[in-house]
Amino acid sequence: MLAMANTESSGDTARPWQCYNTAYTNAKAGMEGVDKEKVQRIVYEMSKGSQYFKNEERKEAFIREKIENMRARCAKLKPADLAHYRTVADKIILELEATRDLSRIWVHVDMDAFYAAVETLSDPSLKGKPMAVGGMSMISTANYEARRFGVRAAMPGFIARKLCPELIFVPTDFKKYTYYSDLTRKVFEKYDPNFVAASLDEAYLDVTEVCEERGTTGEEIARELRAGVHDETGGLTCSAGVAPNRLLAKVCSDINKPNGQFILPNNRMAVMTFISSLPVRKIGGIGKVTEHILRDALGISTCEEILQKSSYICALFSHSSADFFLSVGLAIGGTNTPQVRSRRSISNERTFSATGDEAFLFCKLADIAEMLSTDLQKEGLRGRTLTLKLKTASFEVRTRAVTSQKNICSTEDIMKHASKLLKAELPVSLRLIGLRLSHFDEEKVGAPSDPTQKTLTDYMLSGDALRKNMGDQSSLDLDSTDHCMMHGEETYLSKDGHQTSSCDYRDPLDENHLSNLDDSKSTSGNFEEKEEIYESTSNANAEKMNANDSQNEDNVQDVVPPLLGPGYSFPAQFEGSSLDRVSSVTKTLGDVASSSVSQKEFLLWVNDYKCSICGIEMPPSFVEERQEHFDFHLAEKLQKEESGTDFKTCVLKKRNVPKDHIASQRKHKKQKPSPKEGKHIPIDVFFVKSNQNF
DNA sequence: GGGCATGGTAAAC
DNA sequence: TTCCAGTTTACCATGCCC
């Protein structure tokens with residue numbers, strides 16, 4: 001009896017695209033006249049056979065299986081069971097009904113094709129032309145001209161272009177959208193100072209008070225508010241839904257899109273009539289999969305049918321899910337202004353062309369750790385649970401998490417945990433890596449500028465220096481007086497984004513080691529803080545810690561000029577990675593201490609050893625291609641691992657020399673000007689004898 | 001059995 | 001030429017530890 005429609009279409013082999021359920025199944029405003037069959041066929045043709053497509057099929061099969069299970073469970077329900085669930089459902093319905101509040105007037109405001117509209121405002125030549133905001137891999141939104149071709153948000157750009165060859169792509173510019181979003185919010189505030197911003201382009205307003213004060217209706221307020229937004233933004237339009245609760249208001253704002261509004265009166269009859277024929281997919285929170293499950297497992301397509309099948313809902317779903325579905329059936333939604341919740345997690349992820357190259361993957365991981373750390377510092381957050389997200393070449397998504405005893409936020413700490421998680425997944429071919437930090441510290445760490453929170457290494461590794469250097473020119477002047485502290489010593493940032501420190505030349509590995517020691521008292525639970533992530537480097541750390549004080553002075557004299565200057569290009573796979581900010585190398589070798597090595601010697605040395613970063617072996621070309629850019633500083637003794645493997649530590653270091661600061665430093669130290677003067681920021685790189693296995 | 005950690009998934013914009 | 005994003009939240013299942 002259930003889901004007969006599904007079996008019909010799946011048997012149709014002449015039009016396979018009809019069974020390809022894309023995410024674009026929810027009708028969107030502005031897509032009324034679209035030749036759906038044609039769009040579906042093109043999307044199918046562009047997708048079939050791809051890894052993405054195969055993964056969609058895999059997911060689809062999984063959902064079908066789930067649906068089959070649910071149907072089997074339904075079939076097994078005896079009359080007595082059904083009677084029981086009937087009672088359960090009736091009880092919930094009564095309880096929900098008791099909470100119904102028709103006294104509030106909520107307005108949901110939704111900007112029309114917001115990003116696209118903003119772009120058109122700043123470039124009027126786009127007006128009337130099909131345009132999408134985003135790129136070839138994904139578009140964020142499309143204007144109404146483009147929607148007529150079937151182009152829509154969350155569609156990959158290359159498919160959109162196929163649907164509409166003359167489609168203009170405009171890159172996203174969040175600064176711009178935030179600016180206009182703030183303008184709209186200024187208007188919202190006038191009607192509800194506690195309005196709830198759902199996103200940059202959406203907000204919920206409780207206008208009950210304004211209506212009472214002014215003796216007017218929600219309809220009037222909505223009209224006035226929309227006009228206000230139009231004026232304030234210089235021409236952006238929005239749509240509004242007016243209803244007794246947020247759930248309904250959201251549905252209503254979509255009805256007369258664009259530049260329109262829909263009012264649902266505050267009486268039960270009107271509300272129930274409205275909801276009864278409404279497809280469940282229109283409800284916020286019911287997406288493609290839930291729609292599919294409700295339809296094919298229970299034969300539910302409209303909200304009315306949820307109530308009709310309420311005993312099955314209670315039999316199949318968890319209490320909270322059943323509560324939600326039944327409240328949808330009753331058109332009951334939030335009526336009080338929800339409390340602003342603090343952020344629960346923060347994440348960064350990046351997609352790249354799929355690769356199994358472990359060196360590349362670790363470079364990406366380091367980049368993401370840097371970005372995450374930067375964001376954490378900006379927000380003044382520290383957290384305990386780090387989650388690594390991976391998307392394999394076949395689009396399978398995996399997450400791996402660790403929860404540590406201490407709160408973390410530095411790139412080093414993040415990398416320490418993240419590289420361990422990633423290492424456990426190898427070998428694997430990936431197209432995305434992401435990192436998320438959650439379980440935040442109750443007390444926020446200080447403001448972003450809090451000197452104790454940002455080490456020099458953090459700064460360099462975070463890429464801030466690079467971004468300031470290459471990107472935001474306007475900020476350069478302002479940055480000239482920036483400074484931060486590291487280990488109690490002042491570090492100056494120069495105009496060009498470089499920085500120097502008077503005497504800190506410690507390896508971040510040392511910091512790791514030290515913090516591990518600090519933490520060792522409290523080490524327990526499921527994450528072992530003291531465990532070495534960077535294998536084989538710990539011995540060197542211990543030695544370096546001892547030798548640190550005396551070496552720091554030496555390093556100052558042995559630092560080298562920038563090695564990766566203009567004209568130097570990294571192999572494509574390392575492009576954009578943190579490694580392109582590495583400008584010199586300090587290597588440690590044998591019994592020799594603090595002496596230079598010729599390039600010839602270095603080559604011989606490199607040929608004899610494998611190079612690894614974060615414990616991952618680098619391709620031979622990585623070192624060879626750079627050898628002429630290297631200059632070395634020998635500082636340490638040959639180490640011996642427990643396994644007996646000889647290894648030598650080679651620390652890549654970033655050099656930063658703000659001119660004016662160097663001058664003052666020279667004066668202070670009474671040194672002669674030296675072209676080799678500078679600051680090294682180390683990254684853990686070490687070499688293991690090539691005839692040994694890692 | 002509650003609380004916590006982990007992993008997978010859905011959903012929204 | 002390019003070939004399916006990034007960020008956040010919530011829920012559910014499961015396993016483990018008192």
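Chain A is the first sequence line, chain B the second, and so forth, proteins listed ahead of strands; every chain is numbered from 1. Note that this is a predicted model, so its numbers are computed, not measured.
Relative orientation of the H108(A) and Y204(A) rings is tilted, given thresholds of 30° and 60° on the angle between their planes.
For Y179(A), the OH atom is loosely surrounded, since the number of other residues' heavy atoms within 6.0 Å does not exceed 12. A 6.0 Å sphere centred on CZ of F62(A) holds no more than 12 heavy atoms belonging to other residues, nucleotides or ligands.
Closest to the side chain of R400(A), from the set dC13(B), dC4(C), dG8(B), is dG8(B). The P156(A) side chain lies nearest to dC4(C) when the options are dT9(C), dC4(C), dT6(B). Checked against dG6(C), dT9(C), dT2(C), the side chain of R436(A) finds its nearest nucleotide in dT9(C). Considering only side-chain atoms of T351(A), the nucleotide from dT9(C), dA5(C), dT6(B) that sits closest is dA5(C). Listed candidates were dT2(C), dA5(B), dA10(C). Nearest to the side chain of M136(A) is dT2(C). Across dA11(B), dA5(C), dC11(C), the shortest atom-to-atom separation from the side chain of V289(A) is found for dA11(B).
Mapping F317(A) and I139(A) onto DNA chain C by nearest heavy atom places I139(A) closer to the 5' end of the strand. Between G287(A) and T385(A), the residue anchored nearer the 5' end of DNA chain B, judged by the nucleotide with its closest heavy atom, is T385(A). Checking S342(A) against G157(A), the closest nucleotide of DNA chain C that is more toward the 5' end is the one next to G157(A).
Under a 4.0 Å N-O distance rule, the pair D206(A)/R246(A) does not qualify as a salt bridge. The existence of a salt bridge linking K91(A) and E95(A) is confirmed by a sub-4.0 Å separation between a basic side-chain nitrogen and an acidic carboxylate oxygen. The pair K176(A)-D173(A) meets the salt-bridge criterion, with a side-chain N (NZ, NE, NH1 or NH2) lying under 4.0 Å from an Asp/Glu carboxylate O. Using a cut-off of 4.0 Å between Lys/Arg side-chain N and Asp/Glu carboxylate O, E145(A) and K129(A) are scored as not salt-bridged. For R64(A) and E68(A), the salt-bridge test fails: no basic side-chain N is under 4.0 Å from an acidic carboxylate O. Using a cutoff of 4.0 Å between basic side-chain nitrogens and carboxylate oxygens, R350(A) and D367(A) are not scored as salt-bridged.
The side chain of H439(A) contributes an N or O atom lying less than 4.0 Å from OP1 or OP2 of dA5(B). Put simply, S347(A) has no side-chain N or O that comes within less than 4.0 Å of OP1 or OP2 on dG6(C).
S321(A) comes within 4.0 angstrom of sugar-phosphate atoms only, judged by non-hydrogen atoms across all strands, and of no base. Residue contacts for I63(A): at a heavy-atom cut-off of 4.0 Å it reaches the sugar-phosphate backbone alone, with no base atom in range. Heavy atoms of I346(A) sit under 4.0 angstrom from primed sugar atoms or phosphate atoms, though from no base atom. S320(A) comes within contact range of the sugar-phosphate backbone alone, with a heavy-atom separation under 4.0 Å but no base atom that close. Here E202(A) lies in heavy-atom contact (under 4.0 Å) with sugar-phosphate atoms only. Nucleic acid contact class of L432(A) (heavy atoms, under 4.0 Å, all strands): sugar-phosphate only. If you check every strand for non-hydrogen atoms under 4.0 Å, H319(A) touches nothing. Within the 4.0 angstrom heavy-atom criterion, only backbone atoms of the sugar-phosphate kind lie near I283(A); the bases stay farther away. Nucleic acid contact class of T290(A) (heavy atoms, under 4.0 Å, all strands): sugar-phosphate only. Residue K250(A) is classed as a sugar-phosphate contact, given heavy-atom separations below 4.0 Å to backbone atoms only.
Between the CG atom of D323(A) and the C1' atom of dA10(C) there is a distance of 15 Å, given to the nearest Å. Whole-Å rounding puts the Y115(A) OH to dA12(B) C1' distance at 12 Å. Spacing between atom CG of N348(A) and atom C1' of dA5(C) amounts to 13 Å, rounded to whole angstrom units. When the P atom of dC3(C) is taken as reference, atom CZ of R161(A) falls 11 Å away, rounded to whole Å. As a whole-Å value, the separation of R431(A) CZ from dC4(C) C1' is 7 Å. At whole-Å resolution of the value, CG in D201(A) and P in dA12(B) are 14 Å apart. As a whole-Å value, the separation of M138(A) CE from dA12(B) C1' is 14 Å. Distance K66(A) NZ to dT9(B) P: 10 Å, rounded to the nearest Å.
The side-chain hydrogen bond (donor to acceptor under 3.5 Å, both in side chains) test applied to N259(A) returns R226(A), not counting sequence neighbours.
At a cut-off of 3.5 angstrom, counting only N and O atoms as typed in the model, there is a donor on one side and an acceptor on the other between the side-chain of S47(A) and the base of dC4(C).
Comparing the same atom, C1', in dA5(C) and in dA11(B) gives a spacing of 15 Å after rounding to whole Å.
Residues of residues 391-399 of chain A having a heavy atom closer than 4.0 Å to DNA chain B, listed by number: R398(A), T399(A).
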